[in-house]
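These notes concern the structure reproduced below.
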2 protein chains.
Amino acid sequence: MNIYDVSKKAGVSIATVSRVLNGNSNVSDKTRSKVLSAIKELDYTPNIFARGLGLNTMKTIGIMCTDSSDTYLANAVYYAEQTLRSFGYDALLCCTGNDYDNKRKYLSLLLSKRVDGIILVGSQFVSSDPAIDNTYIIEAASEMPIILVNGYLDGENIYCVMCDDRSAVYSSTAKLIESGVKKPVYFYTSTSTSGMNKLQGFRDALSDAGMTPDKKQLHLCTKNISKAKDYLTALYNEAFYFDAVLASDDSLAVGAVKFAYEHSVKVPDELQIIGYNNSVLANCTEPELSSIDSKVEQLSTTAVSLLMQVLSGNSVPKLNTVTADLIKRKTTKF
Amino acid sequence: MNIYDVSKKAGVSIATVSRVLNGNSNVSDKTRSKVLSAIKELDYTPNIFARGLGLNTMKTIGIMCTDSSDTYLANAVYYAEQTLRSFGYDALLCCTGNDYDNKRKYLSLLLSKRVDGIILVGSQFVSSDPAIDNTYIIEAASEMPIILVNGYLDGENIYCVMCDDRSAVYSSTAKLIESGVKKPVYFYTSTSTSGMNKLQGFRDALSDAGMTPDKKQLHLCTKNISKAKDYLTALYNEAFYFDAVLASDDSLAVGAVKFAYEHSVKVPDELQIIGYNNSVLANCTEPELSSIDSKVEQLSTTAVSLLMQVLSGNSVPKLNTVTADLIKRKTTKF
């Protein structure tokens with residue numbers, strides 16, 4: 001039994017049910033009566049009643065992430081929960097998966113619950129793909145503050161904490177070129193704002209060095225060790241020359257190390273490799289991976305602090321940027 | 001402002017405050033009055049009021065884990081949340097860290113919230129160390145059902161889903177011995193029931209093969225790649241012979257692979273290595289790690305299903321066992 005059943009039974013939208021539950025006056029008496037009958041008939045006890053009953057805050061924040069078993073997202077969720085707890089707030093966790101309809105559905109669900117705000121963890125909630133509609137977040141923000149951790153969306157009551165991904169990838173690519181790299185391959189895993197910023201950093205560094213990338217140097221790839229390894233093996237087999245790999249996720253950089261091992265390509269002498277997120281994976285390979293530290297702890301704690309400021313009625317900047325660092329290990333010459 | 005402040009102000013225990021909030025009659029009028037004054041004075045609006053107000057269920061389950069950024073625990077939390085969601089339940093996440101007082105404090109906190117039950121994820125909540133007191137869980141279970149994912153504790157209203165760790169380690173150790181191993185080293189990371197069961201499996205396999213382990217073959221170690229590598233390097237430097245490493249976490253097995261690489265020890269010919277949890281780390285090393293799959297998805301989904309049964313008033317077994325499998329990759333001869 002949930003808000004969807006009520007919406008179906010009453011023949012009105014979920015937003016309307018939510019408005020009735022919130023005591024919003026912008027609902028006709030007829031509609032309100034339909035919703036209340038449906039609620040009664042279905043014996044539905046919405047959590048939001050708690051709010052309506054004068055408990056102004058349940059001191060609970062919704063945390064949405066696409067997949068809390070992803071190393072980066074798991075860390076982000078962990079730091080967010082710890083920081084919320086330090087402010088006396090509970091964390092309601094919601095793993096949506098990557099399906100757009102599910103993201104929208106879960107955000108609606110959280111709105112109908114007793115949360116005080118929502119943190120969207122990871123860049124996967126906002127797409128820069130024009131075919132994907134991000135208005136579900138803008139609409140949700142009309143009901144409560146929404147903080148994006150490493151995502152960007154312009155809208156009322158939406159606040160963003162981003163890693164300066166473009167500049168991190170730009171400077172790492174520039175360093176590779178300085179060290180003699182002629183044909184770097186770039187793996188990207190997402191067309192989110194963060195994903196596009198990283199890609200732009202790569203393109204800009206090449207462009208500033210007077211290089212034009214072959215389309216084979218830019219490869220969209222799922223976060224999967226074998227996928228990266230297989231792609232590089234295919235390039236190698238068709239004698240496509242490349243002398244560096246920069247990946248927007250450590251898992252793909254691990255795939256590059258494995259490719260090099262299998263084909264006796266010397267790292268970093270013949271192939272330099274840089275990963276992203278500086279996760280535990282970077283310490284597992286031989287040689288150990290140089291990786292861009294995207295400062296997940298700082299992003300999450302900043303996001304929570306911002307939200308606390310917003311909930312206290314303070315005005316805070318809409319966009320907050322954290323600077324990434326390249327952690328140099330053994331897969332780069334510099 | 002929380003239940004602790006109320007307890008302090010009223011000069012009574014947290015359990016007493018909780019009893020008053022729950023309308024439990026087993027409280028004297030004088031005590032009740034002290035608690036209610038403290039609540040009024042502190043302007044405390046406990047979440048539990050929601051329950052007291054006739055909202056019998058908030059359809060929320062508390063998930064406690066020590067550290068949701070740990071690969072194994074992150075997966076367990078992910079599958080638990082997904083399964084709870086499929087039953088229409090929310091997940092309130094609580095990362096306690098490993099400090100005993102914090103575990104106890106957070107469990108009390110969850111009891112004072114609007115949850116219907118609690119899932120303790122991972123073996124770290126129950127210690128087999130007699131110096132550590134597990135009664136906080138038994139007491140909590142008098143208020144709501146508690147499910148342990150890969151932990152074991154006997155008590156009313158406590159249900160356990162465990163991986164058959166002893167038998168998994170026993171059979172892997174036996175296979176190592178069959179393949180010619182004379183001196184395996186075992187790394188363990190915890191003295192929890194699960195940790196002790198694994199260790200027992202190792203001991204039993206050696207004993208059944210007529211071997212008595214040197215104390216250097218059994219090493220308690222934090223989940224840290226370098227720690228395992230350093231320990232093996234120390235053994236190597238003092239010429240202590242060993243020909244296999246079995247670790248209760250993949251990270252330590254990664255450390256063993258790194259040790260072997262650094263000292264040009266051939267894997268698996270001169271050193272066989274087996275990890276535990278079959279995490280993404282097992283795919284990162286060269287050669288890739290053989291690892292025991294502790295079936296984290298099955299553990300978590302079973303735990304949630306059990307809890308749903310308990311909440312529906314059905315009787316369910318107190319102890320449920322899931323069988324682990326050895327996933328053979330390149331660090332074992334068999």
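Just so it is clear: chains get the letters A, B, ... in the order the sequence lines come, proteins before strands, and each one is counted from 1.
- Of the N and O atoms on the side chains of A/S248 and A/T189, at least one donor lies less than 3.5 Å from an acceptor on the other residue.
- Under the 30°/60° scheme for interplanar angles, the aromatic rings of B/H263 and B/Y236 are found to be tilted.
- Looking at A/D70, there are no atoms closer than 4.5 Å to chain B (heavy atoms on both sides), in backbone or side chain.
- Ion pair A/E262/A/K258 not flagged as a salt bridge, since none of the NZ, NE, NH1 or NH2 atoms sits closer than 4.0 Å to an Asp/Glu carboxylate oxygen.
- Contacts of B/I225 with chain A are made by side-chain atoms alone, with heavy-atom separations under 4.5 Å and no backbone atom involved.
- Of the listed residues (A/I63, A/V77, A/N75), the one with the most heavy-atom contacts under 4.5 Å to chain B is A/N75.
- A/N277 and A/S294 are linked by a side-chain donor-acceptor pair at a separation below 3.5 angstrom, with hydrogens and angles left out of the test.
- Top candidate by heavy-atom pairs under 4.5 Å with chain A, chosen from B/C95, B/A74, B/A76, is B/C95.
- Among A/T71, A/D250, A/D293, A/D249, the single residue meeting the side chain to side chain donor-acceptor pair (under 3.5 Å) criterion with A/S279 is A/D250.
- Counting heavy-atom pairs under 4.5 Å between each of B/Q82, B/E288, B/R85 and chain A puts B/R85 at the top.
- Listed options A/A91, A/S251, A/G255 were ranked by heavy-atom pairs under 4.5 angstrom with chain B; first place goes to A/A91.
- Aromatic rings from A/Y231 and A/F187 are positioned such that their centres are separated by under 6.0 Å.
- The choice from B/G88, B/C94, B/C65 that makes the most heavy-atom pairs within less than 4.5 Å of chain A is B/C94.
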